[in-house]
K.L.:
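Okay, handing you the structure first.
One-based numbering, in listed order, for ligands and for the atoms of each. On a predicted model such as this, the values are computed, not experimentally measured, just so you know.
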Amino acid sequence: MECFTHAGSSAVGVCQVCGKAVCHSCVVDAGVAIVCSEVCAKEAVDLHEMNQRGKKIYGIGVANPRIPSGVIAWLLFAAMFGGFGIYQSVVNREPEWFFLAFAGILIVIAIIAYRRAKETGLQC
Ligand SMILES: [Zn+2]
Ligand SMILES: [Zn+2]
């Protein structure tokens with residue numbers, strides 16, 4: 001592969017922004033990527049910044065991703081109905097199956113939501 005600007009010089013890499021081949025004399029190290037010019041260097045830094053923010057928003061590459069908020073909501077509902085079910089069971093001296101079963105279903109939904117969130121890598 002030849003340099004895009006200098007015919008005859010063999011390319012050492014490809015600009016990460018515009019895709020042009022660059023040789024030793026015109027390659028620019030933008031810090032985050034190898035680019036062909038100062039214009040592309042700025043673009044590369046912006047793109048890198050955008051990627052980093054995107055990763056944070058979606059929790060990509062986070063060592064200890066927090067539990068998705070949707071899952072927390074389901075678990076809260078489950079705790080509410082489960083707690084009420086247990087309370088009613090104690091007060092009435094017989095299991096309040098409706099609320100206990102409902103809490104169980106909510107926990108299953110929470111687990112499904114958690115698995116789906118893990119699969120897609122989304123944190124919401
Ligand atoms: Zn370029
Ligand atoms: Zn060149």
K.L.:
Angle at the Zn ion (ligand 2) between ND1 of His6 and SG of Cys3, to 10°?
P.N.:
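The two atoms subtend 110° at the Zn ion (ligand 2).
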K.L.:
Is there an N/O/S atom in Cys36 at a distance below 2.8 Å from the Zn ion (ligand 2)?
P.N.:
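So Cys36 does not count as coordinating the Zn ion (ligand 2).
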K.L.:
For Ile34, does the CD1 atom have more than 12 heavy-atom neighbours from other residues, nucleotides or ligands under 6.0 Å away?
P.N.:
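Open.
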K.L.:
Can you check the angle at the Zn ion (ligand 1) formed by SG of Cys40 and SG of Cys18? Round it to the nearest 10°.
P.N.:
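Value returned, to the nearest 10°, is 120°.
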K.L.:
Please check if Phe84 and Ile109 belong to a single hydrophobic cluster, counting links between Ile, Leu, Val, Met, Phe, Trp and Tyr side chain heavy atoms closer than 4.5 Å.
P.N.:
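Yes, one cluster joins them.
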K.L.:
I'd like to know: is the Zn ion (ligand 2) within the 2.8 Å range of an N/O/S atom from His24, strictly under that distance?
P.N.:
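So His24 does not bind the Zn ion (ligand 2) by this criterion.
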K.L.:
Where does the angle between the aromatic ring planes of Phe99 and Phe81 fall among parallel (under 30°), tilted (30 to 60°) and perpendicular (over 60°)?
P.N.:
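Ring orientation, 0 to 90° scale: parallel.
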K.L.:
Counting C-beta onward and ignoring hydrogens, is there a side-chain heavy-atom pair between Cys18 and Cys36 closer than 4.5 Å?
P.N.:
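Cys18 reaches Cys36 side chain to side chain.
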